[in-house]
Amino acid sequence: MKKILDIIADELICAFTACGYNEKYARVTLSNRPDLCEYQCNGALPAAKEYKKAPIAIANEVLEKLNVSTLFDSKEAVMPGFINLKLSTEFLAGYLDQISSDWRLGCDLIEHPKTIIIDYGGPNVAKPLHVGHLRSAIIGESIKRIGKFIGHNVIGDVHLGDWGLQMGLIITELKLRQPNLVYFDKSFEGEYPTKSPFTISELEEIYPVASSKSKEDTDYKEAAMEATYLLQNGCSGYQALLKHILKVSVTDLKKNYENLNVSFDLWKGESDAQPYIPDMVKYMKDNGYATISNGALVVDVKEDFDTKEIPPCMILKSDGASLYNTTDLATIVERMKLFNPDKLIYVVDKRQELYFEQVFRCARKTKLVGDDTELKFLGFGTMNGKDGKPFKTREGGVMRLENLITSINEEMYNKMKENRTLISEEEALSTSKIVGLSAVKYGDLSNQTSKDYVFDIDRFTSFEGDTGPYILYTIVRIKSILAKYSELGGGGEHMTINPAKSESEKALMLELTKLSSVVESSFEELAPHKICSYVYDLANAFNRFYHETKIISEEDATTRASWIKLLTLAKKILETSINLLGFEAPERM
RNA sequence: GCAUUUAUAGCUCAGUAGGAUAGAGCGACCGCCUCCUAAGCGGUAGGCCGCUGGUUCGAAUCCAGUUAAGUGCACCA
């Protein structure tokens with residue numbers, strides 16, 4: 001469906017060109033003075049310079065040619081040269097009727113869908129998720145949903161950290177504790193057990209112990225490096241152990257991500273890229289991209305226009321071992337081969353910007369990706385506590401994601417019990433989870449992704465103001481009215497949306513037309529916070545309308561039916577929007 | 001040291017391609033439940049948009065400088 005802004009712009013283009021002015025001046029925007037008008041065109045002001053006329057004269061001239069009486073209720077030129085427009089209520093009602101009957105709510109699918117891979121910067125296996133993983137998951141999930149909604153082929157890859165010394169550490173510690181396991185028996189030739197020798201909580205305990213031991217005990221560290229080497233070079237017992245580690249971790253990770261309503265299309269990890277490394281390194285050497293510098297193999301990625309020193313991208317360490325860069329580049333090779341994506345989006349901590357700049361330049365310079373594949377770094381800021389410093393537990397440690405979610409759900413549960421005494425235990429529990437998630441996600445996504453933000457549980461879970469719960473409450477209210485309406489026997493009749501009868505109704509209707517452009521621009525700019533602010537505006541517009549309109553008790557059946565249809569549309573649009581943010585609304589709260 | 005990001009109300013944040021009177025929420029203060037959920041709605045107070053200069057008819061927005069805070073600068077990931 002054509003957007004209202006475009007419909008108006010087309011009319012203005014006609015008017016501007018009819019007067020002999022360049023159509024570039026015909027740009028229309030939403031009004032920044034809602035008290036004066038709904039849409040505005042400021043083009044007469046810049047045009048005044050080019051055509052050496054008074055802006056107000058140009059505006060009046062254009063207005064003369066703007067002969068579409070059905071589109072506007074009012075149009076006027078105002079000093080110094082603004083063109084102020086108010087949309088026709090009839091046109092608006094008809095437009096909303098069209099949106100209502102469109103299963104995509106007026107949002108067109110994109111004409112040329114792209115294949116886009118989202119990299120979530122990978123949680124490590126054998127380590128519990130902590131708050132640092134929260135933003136990547138929440139932002140990535142939202143971007144993925146928005147992209148898919150628009151019509152792109154979006155592939156989310158969790159991209160686990162499952163390679164390197166950490167695996168060797170776990171194996172070493174395990175060997176110390178249970179030396180009799182078959183995995184350590186070199187002469188063993190049978191099938192390894194399918195049951196894991198450890199649980200997730202044991203695994204999570206083993207890793208930090210091993211890690212700290214290796215820092216103090218050089219022999220221990222050497223053993224771990226040895227184990228890592230063996231693992232990476234075909235020791236079958238260790239590889240069987242790796243599989244157990246992966247399986248146990250992934251099961252646990254999936255459970256955690258499910259609680260966040262986050263899912264991935266791919267559960268690949270760094271280990272999957274390893275087979276691509278040898279050929280890639282050879283290719284870089286053979287083509288003269290890679291050179292030796294201080295013993296290490298590097299690709300120079302400096303450019304003439306650089307204002308800063310960009311260190312070369314290291315491919316192999318001076319001891320010949322691969323490193324993070326190697327794996328990330330090999331992953332790009334793998335992804336190009338398997339999916340040939342048009343775009344790769346890395347949703348990672350913004351502190352890694354320089355690093356990814358190097359990797360991207362290297363990938364481009366060495367032609368691992370073609371010119372038509374876009375590499376995009378979407379860096380997010382740090383989640384801080386109320387003190388403005390990185391979020392920690394009360395004791396000062398790293399907060400486990402699980403604990404964070406639990407404490408928020410408890411918070412919601414208590415509030416719910418306070419406010420709604422008639423609710424059953426079961427419903428209170430499940431609803432508090434849904435509402436709690438909205439609090440966390442909305443709290444995160446309503447900020448610009450690149451900025452640090454203050455994670456304030458009290459504020460996010462608050463029942464008041466610009467919060468997830470407020471949005472859900474609005475949806476629940478609509479649901480409640482619609483339920484009551486059908487309880488009273490309504491719903492069968494043919495419904496048409498009537499022209500707005502009040503300011504608040506028209507304001508609500510205008511909000512309802514914006515979904516399509518908001519979704520598009522929020523994906524273009526990879527900015528979910530734009531959807532948040534839209535949802536908030538819409539919820540406000542609805543609540544204002546709700547407050548002064550008695551819907552169920554309206555005597556005129558046509559008017560009542562029109563409002564019910566309007567509410568149904570509002571509900572759909574709100575639900576669609578929060579779905580793009582990655583949460584949902586309960587039936588009651 | 002070099003680079004880079006940020007600076008908007010007491011607090012947390014928006015501010016859409018330079019445009020009309022810079023907006024929300026929280027907190028403060030004042031109103032509104034016989035009525036579809038008051039987790040709501042209306043209102044008041046609160047701002048040299050870090051600072052200085054420049055471009056422009058017009059700047060929170062663009063440019064230069066400056067101050068403060070954060071972050072990053074090859075064998076970690």
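Order of the sequence lines fixes the chain letters, A, B, ..., with proteins taken first and strands second; residue numbering starts at 1 for each chain.
- Between A:L445 atom CG and B:rG25 atom P there is a gap of 21 Å when expressed in whole angstrom units.
- Counting any heavy atom pair closer than 4.0 Å across all strands shown, A:P80 reaches no nucleic acid atom.
- A:K530 places its NZ atom 19 Å from the P atom of B:rA24, with the value rounded to the nearest Å.
- The two atoms that bring A:K285 and A:A290 nearest to each other are N-CB, 4.3 Å, heavy atoms only.
- Two rings, from A:F360 and A:F356, have their centers less than 6.0 Å apart.
- A:D35 comes within contact range of at least one nucleobase, with a heavy-atom separation under 4.0 Å.
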What pairs of donor and acceptor atoms, side-chain ones from residues 293-300 of chain A against any protein atom, are under 3.5 angstrom apart with sequence neighbours left out?
unit_1, atom_1, unit_2, atom_2, d
A:D300, OD1, A:K302, N, 3.4

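- A gap of 39 Å separates the P atoms of B:rU12 and B:rC76, to the nearest Å.
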Only pairs under 3.5 Å count here: list side-chain donor-acceptor contacts from residues 522-532 of chain A, not counting sequence neighbours, and write none if there are none.
unit_1, atom_1, unit_2, atom_2, d
A:S522, OG, A:V519, O, 3.3
A:E525, OE1, A:K530, NZ, 2.9
A:E525, OE2, A:K530, NZ, 3.3

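- Straight-line distance between the P atoms of B:rA60 and B:rG25: roughly 23 Å, to the nearest whole Å.
- Remark: aromatic rings of A:F455 and A:F460 are close, center separation under 6.0 Å.
- Proximity of A:N32 to the phosphate of B:rG15: no side-chain N or O atom is located under 4.0 Å from OP1 or OP2.
- Among the heavy atoms of the strands lying under 4.0 Å from A:N84 is at least one base atom, whether or not backbone atoms are also near.
- Listed by first residue number, the stems of RNA chain B with at least three Watson-Crick or G-U pairs below 3.5 Å are B:1-7 with B:67-73, B:10-13 with B:23-26, B:28-32 with B:40-44, B:50-54 with B:62-66.
- Applying the salt bridge (charged side-chain N to carboxylate O under 4.0 Å, His left out) test to pairs two or more places apart or on separate chains, those with a residue in residues 511-523 of chain A are A:K3-A:E520, A:E511-A:K514.
- With C1' as the reference atom, B:rU52 and B:rA7 are 16 Å apart, rounded to whole Å.
- Contacts of A:E505 classified as side chain to side chain donor-acceptor pair (under 3.5 Å), with partners at least two apart in sequence or in another chain: A:W563.
- A:N409 and A:S432 are not linked by any side-chain donor-acceptor pair at a separation below 3.5 angstrom, with hydrogens and angles left out of the test.
- In this structure, B:rC33 shows a glycosidic angle within 90 degrees of zero, which is the syn conformation.
- The distance from atom CG of A:L36 to atom C1' of B:rG19 is 13 Å, rounded to the nearest whole Å.
- B:rA59 atom C1' lies 15 Å from atom CG of A:N42, rounded to whole Å.
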Which pairs of donor and acceptor atoms, one on a side chain in residues 74-86 of chain A, lie under 3.5 Å apart (sequence neighbours left out)?
unit_1, atom_1, unit_2, atom_2, d
A:K75, NZ, A:L66, O, 2.4

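- A:E410 contributes atom CD, which lies 10.5 Å from atom CD1 of A:I457 (distance to the nearest 0.5 angstrom).
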Item to check | From CA spacing to verdict: side chain to side chain contact (heavy atoms under 4.5 Å, CB included), A:D272, A:E334 | outcome: CA-CA 8 Å; A:D272 289 291; A:E334 184 193 18; 3.9 Å; yes
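- Per the geometry, CG belonging to A:D537 stands 11 Å off P belonging to B:rG25, to the nearest Å.
- Legend: residues meeting side chain to side chain donor-acceptor pair (under 3.5 Å) with A:Q358, ordered by chain and number and at least two apart, are absent.
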Checklist entry - With the sugar-phosphate defined as primed atoms, P, OP1 and OP2, and the base as all remaining atoms, what B/S/- string results for nucleotides 71-77 of chain B, 5' to 3', for protein heavy atoms under 4.0 Å? => result SSSBBSB
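- Side-chain contact between A:H159 and A:Y120 is absent, with no heavy-atom pair separated by less than 4.5 Å.
- Picking from B:rA14, B:rA20, B:rA17 the nucleotide with the shortest atom distance to the side chain of A:H529 gives B:rA14.
- Nucleic acid contact for A:S480: base, since at least one base atom lies under 4.0 Å from a heavy atom of the residue.
- A straight line from CD of A:Q40 to C1' of B:rA20 spans 8 Å, rounded to a whole angstrom.
- As judged by a 4.0 angstrom heavy-atom cut-off over every strand, A:L482 is placed among residues making no nucleic acid contact.
- Residues passing the side chain to side chain donor-acceptor pair (under 3.5 Å) test with A:K221, sequence neighbours excluded: none.
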Item to check | Pair A:Y536-A:Y442, ring pair (Phe, Tyr, Trp, His ring centres under 6.0 Å): steps then yes or no | outcome: CA-CA 10 Å; A:Y536 182 62; A:Y442 191 90; 7.4 Å; no
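- Using a 4.5 Å heavy-atom cutoff, the side chains of A:R361 and A:E303 are in contact.
- Atom P of nucleotide B:rU16 and atom CD1 of A:I531 are separated by 18 Å, given to the nearest angstrom.
- Between B:rA74 and B:rA14, the two P atoms lie 32 Å apart (nearest whole Å).
- No hydrogens or angles considered: nothing links the side chains of A:N384 and A:Y453 as a donor-acceptor pair under 3.5 Å.
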Next on the checklist: Is there a side chain to side chain contact (heavy atoms under 4.5 Å, CB included) between A:Q274 and A:S322? Walk through the geometry before answering.
Outcome noted: CA-CA 9 Å; A:Q274 303 309 313; A:S322 61; 4.3 Å; yes
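- Rounded to whole Å, the P atom of B:rU16 lies 16 Å from the corresponding atom of B:rA24.
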Would you tabulate the nitrogen or oxygen pairs shorter than 3.5 Å linking the protein to nucleotides 38-43 of chain B?
unit_1, atom_1, unit_2, atom_2, d
B:rA38, OP2, A:R477, NH2, 2.6
B:rA38, OP2, A:Y546, OH, 3.2
B:rA39, OP1, A:R420, NH2, 3.4
B:rA39, O3', A:F463, O, 2.6
B:rA39, N7, A:R420, NH2, 3.0
B:rG40, OP1, A:F463, O, 3.2
B:rG40, O2', A:R477, NH1, 2.9
B:rG40, O2', A:R477, NH2, 3.3
B:rC41, OP1, A:Y470, OH, 2.9
B:rC41, OP1, A:N540, OD1, 3.4
B:rC41, O2', A:H547, ND1, 3.0
B:rG42, OP1, A:R544, NE, 2.5

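- For the segment residues 562-570 of chain A, no residue has any heavy atom less than 4.0 angstrom from an atom of RNA chain B.
- Across the C1' atoms, B:rG42 and B:rG50 are found 35 Å apart, a figure rounded to whole Å.
- Spacing between B:rU8 and B:rC51 at atom P, rounded to whole Å, works out to 10 Å.
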Checklist entry - When you check every protein heavy atom under 4.0 Å of nucleotides 8-13 of chain B, what one-letter string (B, S, -) results, 5' to 3'? => result ----SS
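- B:rG10 and B:rU71: their P atoms are spaced 26 Å apart (whole Å).
- Whole-Å rounding puts the A:Y534 OH to B:rG15 C1' distance at 19 Å.
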